[in-house]
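Here is the structure we will look at.
In this text, all values refer to a predicted model and were calculated from it rather than measured experimentally. Values below: all heavy atoms of this structure, side chains included; hydrogens, waters and symmetry mates excluded.
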Amino acid sequence: STGSFSVAVANLHLEGRRGATYERLRQVSDTLGAAREAGVAPGDPFIVCGDYNAGTRGAPCKLLEQGQVPRTFVDRGYNVRLGNKAKELRHRFPFSRSYSGSPAVMAAGNVTQARGGRISTTDHLHHSPTSMRALVVRETTDPRDLAALHRGLPDASNPSDHLPLAAVYEINPRFRSTRSPEEEGGPSSSEGNRSRGGFSVQSQSRSKRATRRQRQKQGNRDPSRP
């Protein structure tokens, strides 16, 4: 059958100052709030990605993956005391790390940034595990290149001090509509991506050629037949 599905995508660049933990958490929370206002429900196909300026054990990842953060904790070497502010950050969106436990993580250490002789993981990909799963992820670097990364980026092969992340996802069939984007009132294939409430929603046809074949058959059908 033919049809389409929508994926909400939030690409973040969080506050970079080491002691700005609450600012980073507030930015994540505001982004999820914008998603809710745009009609994205917990469990819908949803990707959050970008430069979190924090590691896999950092506060932004904790908030996304656990739905909350404790009132007091340590983040990037700082003692963070949120108090009642922690309640304001809670959310119900389920998220999993797309790179978690993948061969790329085990082989290359998931290095995403190399600057000033230091290598780290500050860029991340999260997805909603109830509606999608990561089939394959891009290795950020060959393990043999780790020594070269300590010299820092950018270099002749990498134009940025950050290394790109990429993943291929499979959407849970129950989140796929059996109607075309035009029938759903969404964008046609010529419109590409659309913005909804300041949020990027990417709509993709499951089979454009199948849709054309179906319409051709309907157009060639004998009108005298019931």
Within the distance-only criterion (no hydrogens, no angle test), does the side chain of [X] pair as donor or acceptor with the backbone N or O of [Y] below 3.5 angstrom?
| X | Y | value |
| --- | --- | --- |
| Y99 | E139 | no |
| S120 | T122 | no |
| R57 | R76 | no |
| S96 | P129 | no |

Nearest-0.5 Å distance, [atom1] of residue [X] to [atom2] of residue [Y]:
| X | Y | atom1 | atom2 | answer |
| --- | --- | --- | --- | --- |
| L163 | L149 | CG | CG | 6.0 Å |
| S29 | E88 | OG | CD | 8.0 Å |
| E15 | L25 | CD | CG | 12.0 Å |
| D51 | H124 | CG | NE2 | 8.0 Å |

Taking the side chain as C-beta and beyond, is there a heavy-atom pair between [X] and [Y] under 4.5 Å?
| X | Y | answer |
| --- | --- | --- |
| V48 | T31 | no |
| L14 | P60 | yes |
| L165 | R138 | no |

**Pair D75 + K62, salt bridge at N-O below 4.0 Å** =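 Looking at K62 together with D75, the answer is no, because their closest N to O distance does not fall below 4.0 Å.
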
**Request:** Enumerate the residue pairs fulfilling side-chain hydrogen bond (donor to acceptor under 3.5 Å, both in side chains) with a member in residues 126-137, sequence neighbours excluded, ordered by first and then second residue.
**Result:**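 For residues 126-137: Y52-H126, E65-H126, S98-H127, S128-T130, S128-S131, R133-E170.
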
**Message:** Before you tell me yes or no, could you show the steps for N53 and R18 under side-chain hydrogen bond (donor to acceptor under 3.5 Å, both in side chains), namely the whole-Å CA-CA distance, both residues' side-chain angles and the distance that decides it to 0.1 Å?
**Reply:** CA-CA 8 Å; N53 272 305; R18 284 188 62 191; over 6 Å; no

Distance-only check: which donor-acceptor pairs under 3.5 Å involve side-chain atoms of residues 36-46, not counting sequence neighbours?
from	atom 1	to	atom 2	distance (Å)
D44	OD2	A41	N	2.9

